[in-house]
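So that we are looking at the same thing, I have put the structure below in C-alpha cells.
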Amino acid sequence: MTTRTRFAPSPTGEIHVGNARTALFCALLAARDGGTLILRIEDTDAARSLRSHEDEMRADLAWLGVRWQEGPDVGGPKGPYRQSERGELYAAKLEQLATRGRVYPCFCTALELEVSRKAQLSAGKPPRYAGTCAKLSVPEIEARIAKGLKPAIRFRVPEEGETVFMDLVRSRQVFAHKDIGDFIIQRADGSPAFFFSNAVDDALMGVTHVLRGEDHLANTPRQLLLLDALGLKAPQYAHLSLIVGQGGAPLSKREGGGSLRELRAEGVLPEALLNYLARLGHTYSDNAFADFDTLARGFDVSHLGHSPAHFDHTQLDHWQGEAVRHAADERLWDWLVGGRQELERMVPERDRKNFVEAVRGNITRPSHGSEWATVVYGDLPPAGDEADAALHQAAAGFFDAVLGVLRQSAPEFKPFAKAVGAATGQSGKALYQPLRAALTGRLDGPEMERLWRLMDPKLIEARFDRARAANL
RNA sequence: GCUCCCUUCGUCUAGAGGCCUAGGACGGAGCCCUCUCAAGGCUUAAACGCGGGUUCGAAUCCCGCAGGGAGCGCCA
C-alpha cells in the first residue's frame, strides 16, 4: 500500500510555523515513500473560514517548498478536497450511524451545556456531556422538533471498555471509554463537526498516516470509535510534539516564530526555514544544508522527538546563512530586490552578478544588500566610530600618498594597495584598515578587491579625498 | 478537577542496563587562516529535574514527587 498523508488546515488565519512543520513532515514522509500528500481544507466553520485564507495558505506552503499531489486546486480521485463541498458524503455516513443506533439528537442549548460544565468542574468531575438527551424517547424527540427546535447530533460512546492504539511516536495508548463523553458530530445547523468529518475524510481519502499535533492525541480514541462504528479503516497516527516559544510557553501569534508570512517578510529564505523546520523535533544524522528530496530521503517517524521543541531564532539564522551561501546568484539577487526597488536602481544591470558574489558572504537579510549597495554606489553614511578611529590613526600623509598612487591609475585593488604600501611604508592592518575605512565607512565587509571593481573611480577618489580631510 | 503526554549541555538532540570519563549540531570562548567580517580548520566550557527502589552495574527499568503541556467545545 502506498503511503498517503494529508495536511488538513482550517482556513481561519495565517499559517504558523507549527502547522507548517506538520505539513512539511507529512510532505517529507509521502515523498520518501513515493506516496501522495493530500491537501484538504477543513472549512466546516463557515463563519470563520475564508477563501482568501485558503489561498494564502496554499501560497505559503508552496513558498516553503511543500507540494501536494491531491487538493482543491489540483484535484484528484478522492475529491472534493474542501469539506464544505463534501456534505453528501457526511450525510451518508451519518445515516449509517443513525441506522445502527449510534447517534441521537441533542437539544441542549449552549447555555445549558455551559452551566452543566461549570457544575461538573466545581464538583471536581471531568466536564463531560451529562447525557441529558441520550435517553429521550421518540415522542419526546418528535415533540421538540415539532416545536421548531434544531438538534445537534451526538455520538453515543460506549460506557464500558477502552480504546487502544499504537501511536507511531508515542507507542501504545489506552483510553477508557468512561472518560469520554458523548460528543457532537453534527452541529445544529447541519454542518459536520471536526471529530466526524476529519476522521471520515481520512478514511474515505485512503490516508495511511496521520501526522498531527500532540493536541489531538486525546481526541484520537473518539475518532477511532467513530471509524469503528462506521466499519472504516483507521489510519496510523503519529502525534507530534508542539513547538514552543522562548519561555517554553506554546507558540502564540505574538511570541517569537510567528507566521510564515512574517518570517518571509523578515527576509527568511524558504530553504532556510525548510532546513530548520525539518530538524526541529526530528533528527537527521547529516547536518549539511539539504534540499527537499534529500531531507525526504532521511525522514523517519522513528526520529521524531517526544518533547516540545523551542523555536530558536539563533538556529534559524544558521540555516539562513547556509541558504544565502547556497543560493544561486540570480535567485539571491531576486531575494535582495524583493520589495525594495532602490536596489534595482542603484546596482547597474551588468554589475549584478558581481555585486551578489561580492556581498553574499556578508549578508543574511535583504536589507543588508541595500546597505552594501549604498556603500558601493551611493552616498556613504558617516563612518562608524571604529572606522573613524582607523581613519585618524592612519599615518600622517597617508591619504596624500593614496591619492598620489591613485592618480597614476590603479585598475585593480591589489596592485593599488601594494603601491600604497610601497609609498607609505605601511603593511598589513596599518595599510588595509584605513583603506577599507575610507572606502566603505566600516571595518568589516566583503573583500576589498571585489568591492573596488564595482566602484566608480570618481567615487573612489572622492572617498579618499574625504578621508584625507578627516585624517588631517 | 479528571485523563493523557513530556522532562539529557543555553537550544535541537544521540542514547533503547555495561560501548557514557554521556556523543553530535547551533550558539559561546580560544587558536589558526586572513586587510576586516564571514566562511573554513582545530581546541574548549556546558546536560542526564528531584527522591526512592530493582540490579554486580541505570541517562536507560519500576514507583513516587516536582515542573511543563494537551484534552475534557455546536473550534479545529
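Numbers restart at 1 for each chain; the letters A, B, ... are given by sequence-line order, proteins then strands. A quick note: this is a predicted structure, and the numbers were derived from the prediction, not measured.
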What's the closest nucleotide to the side chain of S307(A) if the choices are C74(B), C4(B), C6(B)?
C6(B)

Please work out if E42(A) contacts a base, only the sugar-phosphate, or nothing of the nucleic acid, heavy-atom cut-off 4.0 Å.
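Sugar-phosphate, backbone atoms only, no base.
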
Would you call R442(A)-D444(A) a salt bridge at under 4.0 Å N-O?
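So R442(A) pairs with D444(A) through a salt bridge.
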
What distance, rounded to whole Å, do you find between the two C1' atoms, one in U8(B) and one in C4(B)?
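Here U8(B) and C4(B) have their C1' atoms 23 Å from each other.
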
Describe, in one word, how the ring planes of F311(A) and Y276(A) are oriented to each other, choosing from parallel (under 30°), tilted (30 to 60°) and perpendicular (over 60°).
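The rings of F311(A) and Y276(A) stand perpendicular, inter-plane angle above 60°.
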
Considering only atom C1', compute the distance from A16(B) to G10(B) and round it to an integer number of Å.
27 Å

OP1 or OP2 of A76(B) sitting under 4.0 Å from any side-chain N/O of T44(A)?
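So the side-chain polar atoms of T44(A) do come within 4.0 Å of the phosphate oxygens OP1 or OP2 of A76(B), strictly under.
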
I need the CZ-P distance between F25(A) and C12(B), as an integer number of Å.
13 Å

In whole angstrom, give the distance that lies between atom OH of Y284(A) and atom C1' of G23(B).
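Between C1' of G23(B) and OH of Y284(A): 21 Å.
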
May I ask you to evaluate whether T283(A) reaches the phosphate of A14(B), defined as a side-chain N or O under 4.0 Å from OP1 or OP2?
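Checking T283(A) against A14(B): at least one side-chain N or O falls below 4.0 Å of OP1 or OP2.
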
Please report the distance separating the P of A46(B) from the corresponding atom of C5(B), rounded so that it comes out in whole Å.
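Here A46(B) and C5(B) have their P atoms 35 Å from each other.
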
In Watson-Crick or G-U wobble terms, with both distances under 3.5 Å, the base opposite U34(B) is none

Expressed as a whole number of Å, how far does the P atom of A29(B) sit from that of G68(B)?
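Comparing P positions in A29(B) and G68(B) gives a spacing of 32 Å.
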
Do the side chains of R86(A) and D201(A) get close enough for a salt bridge, i.e. N-O under 4.0 angstrom?
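Yes.
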
For G49(B), what is the paired nucleotide under Watson-Crick or G-U wobble rules, both distances under 3.5 Å?
C65(B)

Nucleotide nearest R187(A) when distance is taken to its side chain, options G73(B), A76(B), C5(B)
A76(B)

Partner nucleotide of C72(B) by Watson-Crick or wobble geometry (both distances under 3.5 Å)
G1(B)

Which part of the nucleic acid does R212(A) contact within heavy-atom distance under 4.0 Å: base, sugar-phosphate only, or nothing?
nothing

Please check if the distance between the ring centroids of F155(A) and Y104(A) is under 6.0 Å.
no

Rounded to whole angstroms, how far apart are OH on Y276(A) and P on U11(B)?
12 Å

Please determine whether a side-chain nitrogen of the Lys or Arg among R40(A) and E42(A) lies less than 4.0 Å from a carboxylate oxygen of the Asp or Glu.
yes

Strictly below 4.0 Å, N to O, side chains only: are R128(A) and D182(A) in salt-bridge contact?
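No, R128(A) and D182(A) are not salt-bridged.
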
Take atom C1' in C50(B) and the same atom in A59(B), then report the distance between them in whole Å.
14 Å

Looking at E271(A) and R331(A), is there a salt bridge between them, counting it only when a charged N and a carboxylate O are closer than 4.0 Å?
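Between E271(A) and R331(A) there is a salt bridge, with a charged N closer than 4.0 Å to a carboxylate O.
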
Over all strands shown, is A309(A) touching base, sugar-phosphate only, or nothing at heavy-atom distances under 4.0 angstrom?
sugar-phosphate

Are F416(A) and W452(A) close enough, and set up right, to give a ring-ring contact (aromatic ring centres under 6.0 Å, His included), and what steps lead you there?
CA-CA 10 Å; F416(A) 162 77; W452(A) 179 275; 4.6 Å; yes

Checking all strands, does H239(A) fall into the base, sugar-phosphate, or nothing category for heavy-atom contacts under 4.0 angstrom?
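No contact.
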
Counting side-chain heavy atoms from C-beta on, which of C74(B), A76(B), C12(B) comes nearest to D45(A)?
A76(B)

Complementary nucleotide of U11(B), counting Watson-Crick and G-U pairs under 3.5 Å
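For U11(B), the partner nucleotide comes out as A25(B), under the 3.5 Å rule.
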
So, R365(A) and D317(A), do they make that salt bridge, N to O below 4.0 Å?
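Yes, this pair counts.
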
Tell me whether the side-chain N/O atoms of R154(A) come closer than 4.0 Å to OP1 or OP2 in C74(B).
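Yes, because at least one side-chain N or O of R154(A) sits under 4.0 Å from OP1 or OP2 of C74(B).
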
How do A188(A) and R172(A) order along RNA chain B: which one's closest nucleotide is nearer the 5' end?
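Per heavy-atom nearest nucleotide, the more 5' residue is R172(A).
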
Describe the nucleic acid contact of F195(A) in one word from base, sugar-phosphate, nothing, applying a heavy-atom distance below 4.0 Å.
base

Whole angstroms only, please: what is the CZ-C1' distance between F196(A) and C74(B)?
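From F196(A) CZ to C74(B) C1': 14 Å.
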
Over all strands shown, is P127(A) touching base, sugar-phosphate only, or nothing at heavy-atom distances under 4.0 angstrom?
base

Assign a letter to each nucleotide of nucleotides 26-47 of chain B from its 5' end: B, base within under 4.0 Å of a protein heavy atom; S, sugar-phosphate only; -, no contact.
BS-------BBBSS--------

Rounded distance in Å - CG (D167(A)) to P (G71(B)):
16 Å

For F194(A) and H216(A), I'd like to know if the aromatic rings sit close, meaning centre-to-centre distance below 6.0 Å.
yes

When the C1' atoms of G18(B) and G57(B) are compared, how many Å lie between them, rounded to an integer?
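6 Å, rounded to whole Å.
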
Which is true for D179(A) with a 4.0 Å heavy-atom rule: it touches a base, it touches only sugar-phosphate, or it touches nothing?
sugar-phosphate

Indicate, with a heavy-atom threshold strictly under 4.0 Å, whether R40(A) touches base, sugar-phosphate, or nothing.
nothing

To the side chain of R117(A), which of C4(B), C74(B), U7(B) is closest?
C74(B)

Counting side-chain heavy atoms from C-beta on, which of C6(B), C4(B), G73(B) comes nearest to L217(A)?
C4(B)

With rounding to the closest Å, how many angstrom separate the P atoms on C62(B) and G24(B)?
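Rounded to whole Å, the distance is 29 Å.
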
Determine the Euclidean distance between corresponding P atoms of C6(B) and G15(B); express it in Å to zero decimal places.
16 Å

Please work out if G213(A) contacts a base, only the sugar-phosphate, or nothing of the nucleic acid, heavy-atom cut-off 4.0 Å.
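If one applies the 4.0 Å heavy-atom cut-off, G213(A) turns out to touch nothing in the nucleic acid.
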
Send over the distance from F175(A) CZ to C2(B) C1', rounded to a whole Å.
13 Å

